[in-house]
Amino acid sequence: MPELPEVETIVTGLKANLLGRRVKELVFISPHLKKKQLPGAFRPEAYRRRKILDIWRRGKMIVFRFDGQLGLLVHLKMTGQLFLADPARKIDKHTHARLTFYGLKKELLFRDIRKFGFLNCLALSQIEEKIKTDLGPEPFEISLNDFRYLLKRHGQKRLKNWLLDQKIIAGIGNIYSDEILFRARLSPFRLAGSLTEEQAVRFYRAARRVLEEAIALKGSSISDYVDAMGEKGGYQRRHRVYARDGQLCPRCHREKIVRQKINGRSTFYCPACQL
DNA sequence: ACCTTCTCCTGACAGC
DNA sequence: TGCTGTCAGGAGAAGG
(Lines give C-alpha, C1' and ligand atoms only; values in the text may rest on other atoms or scores of the structure.)
Protein backbone atom coordinates (compact mmCIF):
# COMPACT_ATOMS: atom_id res chain seq x y z
CA MET A 1 0.00 0.00 0.00
CA PRO A 2 2.06 2.78 1.24
CA GLU A 3 4.71 4.42 -0.85
CA LEU A 4 6.79 7.45 0.03
CA PRO A 5 3.91 10.00 0.24
CA GLU A 6 1.78 7.75 2.42
CA VAL A 7 4.64 6.86 4.75
CA GLU A 8 5.64 10.53 4.95
CA THR A 9 2.07 11.42 5.94
CA ILE A 10 1.98 8.73 8.59
CA VAL A 11 5.29 9.86 10.05
CA THR A 12 4.14 13.49 10.23
CA GLY A 13 1.10 12.38 12.23
CA LEU A 14 3.10 10.10 14.50
CA LYS A 15 5.62 12.82 15.28
CA ALA A 16 2.92 15.31 16.22
CA ASN A 17 1.51 12.89 18.77
CA LEU A 18 4.37 10.75 19.99
CA LEU A 19 7.60 12.74 20.24
CA GLY A 20 8.80 12.80 23.82
CA ARG A 21 6.28 10.16 24.93
CA ARG A 22 7.38 7.35 27.20
CA VAL A 23 6.31 3.80 26.34
CA LYS A 24 4.11 1.98 28.77
CA GLU A 25 4.10 -1.29 26.90
CA LEU A 26 4.78 -2.88 23.53
CA VAL A 27 2.75 -6.02 22.92
CA PHE A 28 2.93 -8.48 20.02
CA ILE A 29 -0.62 -9.70 19.61
CA SER A 30 0.11 -12.10 16.73
CA PRO A 31 2.93 -14.66 16.82
CA HIS A 32 4.00 -14.07 13.22
CA LEU A 33 5.65 -10.78 14.20
CA LYS A 34 8.04 -12.62 16.44
CA LYS A 35 9.07 -14.89 13.58
CA LYS A 36 9.98 -11.88 11.46
CA GLN A 37 12.46 -10.51 13.98
CA LEU A 38 16.05 -10.40 12.79
CA PRO A 39 18.98 -11.92 14.67
CA GLY A 40 19.95 -9.77 17.64
CA ALA A 41 16.42 -8.41 18.06
CA PHE A 42 15.23 -7.06 21.40
CA ARG A 43 12.19 -8.44 23.12
CA PRO A 44 9.12 -6.20 23.32
CA GLU A 45 9.68 -5.81 27.08
CA ALA A 46 12.87 -3.87 26.33
CA TYR A 47 10.73 -0.90 25.25
CA ARG A 48 9.10 -0.34 28.62
CA ARG A 49 9.66 3.21 29.91
CA ARG A 50 11.68 4.15 26.85
CA LYS A 51 11.14 7.65 25.52
CA ILE A 52 10.56 8.36 21.82
CA LEU A 53 13.22 10.83 20.78
CA ASP A 54 12.64 10.87 17.04
CA ILE A 55 10.59 9.32 14.23
CA TRP A 56 11.47 9.53 10.56
CA ARG A 57 10.90 8.01 7.15
CA ARG A 58 13.55 6.41 4.97
CA GLY A 59 12.21 5.12 1.65
CA LYS A 60 9.05 3.30 2.62
CA MET A 61 10.36 2.45 6.08
CA ILE A 62 9.50 4.12 9.36
CA VAL A 63 12.22 4.44 12.00
CA PHE A 64 11.65 5.18 15.70
CA ARG A 65 14.51 6.24 17.93
CA PHE A 66 14.18 5.71 21.67
CA ASP A 67 16.55 6.61 24.45
CA GLY A 68 19.26 4.06 25.11
CA GLN A 69 20.05 3.77 21.37
CA LEU A 70 17.02 1.54 20.96
CA GLY A 71 15.21 1.61 17.63
CA LEU A 72 12.12 0.27 15.94
CA LEU A 73 11.96 -0.37 12.20
CA VAL A 74 8.54 -0.66 10.56
CA HIS A 75 7.66 -1.57 6.98
CA LEU A 76 3.97 -1.63 6.02
CA LYS A 77 4.43 -3.47 2.70
CA MET A 78 1.04 -3.83 0.94
CA THR A 79 -1.66 -3.59 3.58
CA GLY A 80 0.07 -2.45 6.75
CA GLN A 81 -1.39 0.35 8.87
CA LEU A 82 0.12 2.23 11.78
CA PHE A 83 -2.36 4.51 13.50
CA LEU A 84 -3.47 5.95 16.80
CA ALA A 85 -6.71 4.49 18.04
CA ASP A 86 -9.04 4.88 20.94
CA PRO A 87 -8.41 2.06 23.44
CA ALA A 88 -12.13 1.27 23.25
CA ARG A 89 -11.69 0.22 19.63
CA LYS A 90 -11.90 -3.54 19.40
CA ILE A 91 -8.75 -5.35 18.36
CA ASP A 92 -9.61 -7.38 15.27
CA LYS A 93 -7.75 -10.39 13.92
CA HIS A 94 -5.61 -8.21 11.66
CA THR A 95 -4.20 -6.12 14.46
CA HIS A 96 -0.80 -7.56 15.32
CA ALA A 97 0.87 -5.15 17.74
CA ARG A 98 -0.05 -2.44 20.24
CA LEU A 99 2.07 0.28 21.78
CA THR A 100 0.77 2.24 24.76
CA PHE A 101 2.20 5.41 26.33
CA TYR A 102 2.14 7.24 29.64
CA GLY A 103 -0.08 10.30 29.55
CA LEU A 104 -1.67 9.47 26.19
CA LYS A 105 -5.21 8.21 25.84
CA LYS A 106 -4.70 6.81 22.35
CA GLU A 107 -2.72 3.69 21.63
CA LEU A 108 -0.64 2.95 18.55
CA LEU A 109 -1.83 -0.07 16.58
CA PHE A 110 -0.07 -2.03 13.87
CA ARG A 111 -2.63 -3.66 11.59
CA ASP A 112 -1.83 -5.66 8.47
CA ILE A 113 -4.31 -7.83 6.61
CA ARG A 114 -1.81 -9.66 4.43
CA LYS A 115 0.92 -9.92 7.07
CA PHE A 116 3.70 -8.92 4.68
CA GLY A 117 4.75 -6.02 6.85
CA PHE A 118 7.15 -6.14 9.75
CA LEU A 119 8.04 -4.36 12.93
CA ASN A 120 11.63 -5.04 13.91
CA CYS A 121 12.95 -4.42 17.42
CA LEU A 122 16.58 -3.48 16.81
CA ALA A 123 19.36 -1.27 18.06
CA LEU A 124 19.46 1.99 16.16
CA SER A 125 22.88 1.09 14.77
CA GLN A 126 21.49 -2.13 13.27
CA ILE A 127 18.67 -0.21 11.64
CA GLU A 128 21.06 2.30 10.14
CA GLU A 129 23.21 -0.49 8.78
CA LYS A 130 20.23 -2.23 7.22
CA ILE A 131 19.05 0.99 5.63
CA LYS A 132 22.47 1.68 4.24
CA THR A 133 22.67 -1.68 2.49
CA ASP A 134 19.02 -1.93 1.38
CA LEU A 135 18.13 1.57 0.22
CA GLY A 136 19.34 4.04 -2.37
CA PRO A 137 19.06 7.83 -1.97
CA GLU A 138 15.87 9.74 -1.25
CA PRO A 139 14.12 11.34 -4.24
CA PHE A 140 14.13 14.72 -2.49
CA GLU A 141 17.77 14.56 -1.51
CA ILE A 142 19.48 13.27 -4.60
CA SER A 143 21.03 15.90 -6.86
CA LEU A 144 20.28 16.08 -10.56
CA ASN A 145 23.84 15.00 -11.27
CA ASP A 146 23.62 11.92 -9.08
CA PHE A 147 20.24 11.11 -10.59
CA ARG A 148 21.77 11.21 -14.08
CA TYR A 149 24.65 9.05 -12.89
CA LEU A 150 22.22 6.41 -11.60
CA LEU A 151 20.36 6.43 -14.92
CA LYS A 152 23.63 5.58 -16.67
CA ARG A 153 24.83 3.17 -14.01
CA HIS A 154 21.66 1.07 -14.29
CA GLY A 155 21.21 2.02 -17.91
CA GLN A 156 19.95 -1.37 -19.13
CA LYS A 157 16.97 -1.36 -16.81
CA ARG A 158 13.57 -0.27 -18.05
CA LEU A 159 12.42 2.96 -16.46
CA LYS A 160 9.57 1.20 -14.67
CA ASN A 161 11.93 -1.26 -13.03
CA TRP A 162 14.50 1.44 -12.40
CA LEU A 163 11.95 3.44 -10.40
CA LEU A 164 10.73 0.43 -8.44
CA ASP A 165 14.22 -0.66 -7.39
CA GLN A 166 14.62 0.58 -3.81
CA LYS A 167 18.39 0.18 -4.04
CA ILE A 168 18.56 2.75 -6.83
CA ILE A 169 16.05 5.33 -5.47
CA ALA A 170 14.10 4.67 -2.28
CA GLY A 171 10.39 5.16 -1.70
CA ILE A 172 8.69 4.86 -5.09
CA GLY A 173 6.21 2.04 -5.69
CA ASN A 174 3.76 0.93 -8.33
CA ILE A 175 1.34 3.86 -8.26
CA TYR A 176 3.86 6.68 -8.24
CA SER A 177 6.18 5.07 -10.77
CA ASP A 178 3.36 5.14 -13.31
CA GLU A 179 2.28 8.66 -12.37
CA ILE A 180 5.87 9.93 -12.59
CA LEU A 181 6.48 8.36 -15.99
CA PHE A 182 3.24 9.82 -17.29
CA ARG A 183 4.15 13.27 -16.07
CA ALA A 184 7.61 12.94 -17.60
CA ARG A 185 6.08 11.73 -20.90
CA LEU A 186 8.36 8.70 -20.85
CA SER A 187 7.51 5.11 -21.68
CA PRO A 188 7.91 2.61 -18.85
CA PHE A 189 9.77 0.39 -21.33
CA ARG A 190 12.50 2.93 -22.12
CA LEU A 191 15.95 1.92 -20.96
CA ALA A 192 17.27 4.19 -18.23
CA GLY A 193 20.51 4.81 -20.11
CA SER A 194 18.72 5.93 -23.27
CA LEU A 195 17.33 9.26 -22.02
CA THR A 196 18.46 12.49 -23.61
CA GLU A 197 19.71 15.25 -21.37
CA GLU A 198 16.39 17.04 -21.57
CA GLN A 199 14.41 13.88 -20.82
CA ALA A 200 16.55 13.09 -17.78
CA VAL A 201 15.86 16.55 -16.35
CA ARG A 202 12.15 16.19 -17.05
CA PHE A 203 12.15 12.78 -15.39
CA TYR A 204 13.94 14.10 -12.30
CA ARG A 205 11.52 17.02 -11.94
CA ALA A 206 8.45 14.86 -12.58
CA ALA A 207 9.45 12.51 -9.78
CA ARG A 208 9.75 15.35 -7.30
CA ARG A 209 6.58 17.11 -8.36
CA VAL A 210 4.39 14.02 -8.28
CA LEU A 211 5.67 13.02 -4.86
CA GLU A 212 5.32 16.58 -3.52
CA GLU A 213 1.75 16.87 -4.73
CA ALA A 214 0.86 13.48 -3.31
CA ILE A 215 2.29 14.46 0.08
CA ALA A 216 0.31 17.71 -0.04
CA LEU A 217 -2.86 15.63 -0.44
CA LYS A 218 -1.79 13.15 2.27
CA GLY A 219 -1.18 10.23 -0.07
CA SER A 220 -3.38 7.89 -2.12
CA SER A 221 -6.02 5.69 -0.51
CA ILE A 222 -6.81 2.80 -2.83
CA SER A 223 -8.24 0.36 -0.33
CA ASP A 224 -6.44 0.04 2.98
CA TYR A 225 -4.28 3.10 3.40
CA VAL A 226 -5.00 5.40 6.33
CA ASP A 227 -2.73 7.94 7.99
CA ALA A 228 -1.63 8.04 11.61
CA MET A 229 -5.04 9.34 12.66
CA GLY A 230 -6.92 6.73 10.65
CA GLU A 231 -7.88 9.20 7.87
CA LYS A 232 -7.77 8.54 4.14
CA GLY A 233 -5.65 10.46 1.68
CA GLY A 234 -6.82 12.43 -1.36
CA TYR A 235 -4.26 11.93 -4.11
CA GLN A 236 -6.13 8.95 -5.64
CA ARG A 237 -8.47 11.55 -7.18
CA ARG A 238 -5.48 13.03 -9.02
CA HIS A 239 -4.16 9.79 -10.52
CA ARG A 240 -3.87 10.32 -14.24
CA VAL A 241 -2.98 6.80 -15.38
CA TYR A 242 -2.93 4.40 -12.44
CA ALA A 243 -5.97 2.09 -12.69
CA ARG A 244 -7.34 4.21 -15.55
CA ASP A 245 -6.91 1.66 -18.33
CA GLY A 246 -9.51 1.95 -21.08
CA GLN A 247 -9.99 5.68 -20.48
CA LEU A 248 -8.83 8.26 -22.96
CA CYS A 249 -5.46 9.79 -22.13
CA PRO A 250 -6.13 12.92 -20.05
CA ARG A 251 -3.29 14.78 -21.79
CA CYS A 252 -3.23 13.97 -25.50
CA HIS A 253 -6.72 12.41 -25.88
CA ARG A 254 -5.33 10.34 -28.74
CA GLU A 255 -5.24 6.88 -27.22
CA LYS A 256 -6.70 4.99 -24.32
CA ILE A 257 -4.59 4.25 -21.26
CA VAL A 258 -3.09 0.77 -21.59
CA ARG A 259 -2.50 -1.71 -18.79
CA GLN A 260 0.39 -4.13 -19.16
CA LYS A 261 2.43 -6.27 -16.78
CA ILE A 262 6.06 -5.32 -16.32
CA ASN A 263 8.03 -7.30 -13.81
CA GLY A 264 4.79 -8.82 -12.55
CA ARG A 265 3.35 -5.40 -11.73
CA SER A 266 0.42 -3.83 -13.56
CA THR A 267 1.70 -0.81 -15.43
CA PHE A 268 -0.53 1.94 -16.83
CA TYR A 269 0.60 4.33 -19.54
CA CYS A 270 -0.46 6.22 -22.64
CA PRO A 271 1.07 4.63 -25.77
CA ALA A 272 0.63 7.87 -27.71
CA CYS A 273 2.36 10.49 -25.57
CA GLN A 274 4.76 8.48 -23.39
CA LEU A 275 7.79 7.88 -25.58
C1' DA B 1 23.15 -7.09 -15.01
C1' DC B 2 18.61 -7.74 -16.14
C1' DC B 3 14.34 -10.32 -16.84
C1' DT B 4 10.38 -13.32 -15.36
C1' DT B 5 8.06 -16.09 -12.11
C1' DC B 6 7.05 -17.67 -7.64
C1' DT B 7 6.41 -16.78 -2.80
C1' DC B 8 4.67 -14.86 1.68
C1' DC B 9 -0.99 -13.78 3.12
C1' DT B 10 -5.91 -12.27 3.10
C1' DG B 11 -9.84 -10.38 0.90
C1' DA B 12 -12.55 -8.41 -2.97
C1' DC B 13 -14.65 -9.18 -7.08
C1' DA B 14 -15.92 -11.32 -11.71
C1' DG B 15 -17.75 -15.23 -13.99
C1' DC B 16 -20.05 -19.57 -14.03
C1' DT C 1 -25.05 -19.33 -2.59
C1' DG C 2 -20.71 -21.15 -3.64
C1' DC C 3 -17.03 -22.41 -6.26
C1' DT C 4 -12.71 -20.94 -9.03
C1' DG C 5 -9.60 -17.74 -10.90
C1' DT C 6 -7.49 -13.21 -10.82
C1' DC C 7 -5.99 -9.25 -8.75
C1' DA C 8 -3.97 -6.03 -5.09
C1' DG C 9 0.10 -0.37 -2.71
C1' DG C 10 6.05 -4.82 -1.64
C1' DA C 11 10.06 -7.24 -2.19
C1' DG C 12 13.23 -11.29 -1.71
C1' DA C 13 14.63 -15.72 -3.93
C1' DA C 14 15.38 -18.61 -7.73
C1' DG C 15 16.29 -19.70 -12.51
C1' DG C 16 17.11 -18.16 -17.45
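Hydrogens, waters and symmetry mates play no part in the numbers below; they use all other heavy atoms, side chains included. Values in this document were obtained by computation on a predicted structure and should not be read as measured data. Here is how names work: the chains are called A, B, and so on, in the same order as the sequence lines, proteins then strands, and each is numbered from 1.
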salt_bridge(Asp67(A), Arg22(A)) N-O dist < 4.0 Å: yes
Centroid-centroid distance, Tyr269(A) to Phe189(A), less than 6.0 Å: yes
P gap between dT4(B) and dC7(C), integer Å: 16 Å
Sugar-phosphate, base or nothing in reach of Ser177(A), heavy atoms under 4.0 Å: nothing
Nearest-0.5 Å distance that lies between atom CG in Leu70(A) and atom SG in Cys121(A): 8.0 Å
Sub-6.0 Å ring centroid separation between Phe182(A) and Phe268(A): no
Glu138(A) and Arg58(A) ion-paired at < 4.0 Å: yes
Distance below 4.0 Å between Gln166(A) side-chain N/O and dG10(C) OP1 or OP2: no
Bounds of contact between DNA chain B and chain A, in 5' to 3' order, using a heavy-atom cut-off under 4.0 Å: dC2(B) to dG11(B)
Minimum side-chain heavy-atom gap Arg48(A)-Glu25(A) below 4.5 Å: yes
Range-with-range stems for DNA chain C, at least three Watson-Crick or G-U pairs under 3.5 Å: B:2-8 with C:10-16, B:10-16 with C:2-8
Might you list the N or O atoms of the protein lying below 3.5 Å from N or O atoms in nucleotides 12-16 of chain C, with each pair's distance?
none

For atom CD1 of Ile62(A) and atom P of dG10(C), their distance in whole Å: 14 Å
Approximate separation, where rounding is to 0.5 Å, of Glu128(A) CD and Thr133(A) OG1: 12.0 Å
Under 3.5 Å donor-acceptor, Arg202(A) side chain and Ala184(A) backbone: yes
Stacking of Phe116(A) on dG10(C) base (centres under 5.5 Å, planes under 30°): yes
Integer angstrom distance from the P of dC8(B) to that of dC3(C): 23 Å
Note: Glu197(A)-Arg148(A) ion pair, threshold 4.0 Å (strictly below): yes
Spacing of CG belonging to Asp245(A) relative to OG1 belonging to Thr267(A), to within rounding of 0.5 Å: 11.0 Å
Whole-angstrom distance between dT10(B) and dT1(C), as gauged at atom P: 24 Å
Sugar-phosphate, base or nothing in reach of Lys93(A), heavy atoms under 4.0 Å: sugar-phosphate
Touch class at under 4.0 angstrom, heavy-atom based, for Ile222(A) against every strand present: base
Sugar-phosphate, base or nothing in reach of Asn161(A), heavy atoms under 4.0 Å: sugar-phosphate
Distance, nearest 0.5 Å, that separates CZ of Arg244(A) from SG of Cys249(A): 11.5 Å
Integer-rounded Å distance: dG10(C) P and Asp178(A) CG: 10 Å
Sugar-phosphate, base or nothing in reach of His32(A), heavy atoms under 4.0 Å: nothing
Other ILVMFWY residues reachable from Met61(A) by side-chain steps of under 4.5 Å: Leu38(A), Trp56(A), Val63(A), Leu73(A), Phe118(A), Leu122(A), Leu124(A), Ile127(A), Ile131(A), Leu135(A)
Ionic contact status for Asp178(A) with Lys160(A), cut-off 4.0 Å: yes
Linked hydrophobic residues, Ile113(A) as query - side chain contacts closer than 4.5 Å: none
dG10(C) versus dA1(B) - spacing of their P atoms, nearest Å: 24 Å
For nucleotides 6-8 of chain C, list the nitrogen or oxygen atoms of the protein found under 3.5 Å from its nitrogen or oxygen atoms, one pair per line.
unit_1	atom_1	unit_2	atom_2	d
dC7(C)	O3'	Arg259(A)	NH2	3.0
dA8(C)	OP1	Arg259(A)	NH2	2.9
dA8(C)	OP1	Ser266(A)	OG	2.3
dA8(C)	OP2	Lys261(A)	NZ	2.9
dA8(C)	N3	Arg114(A)	NH1	3.2

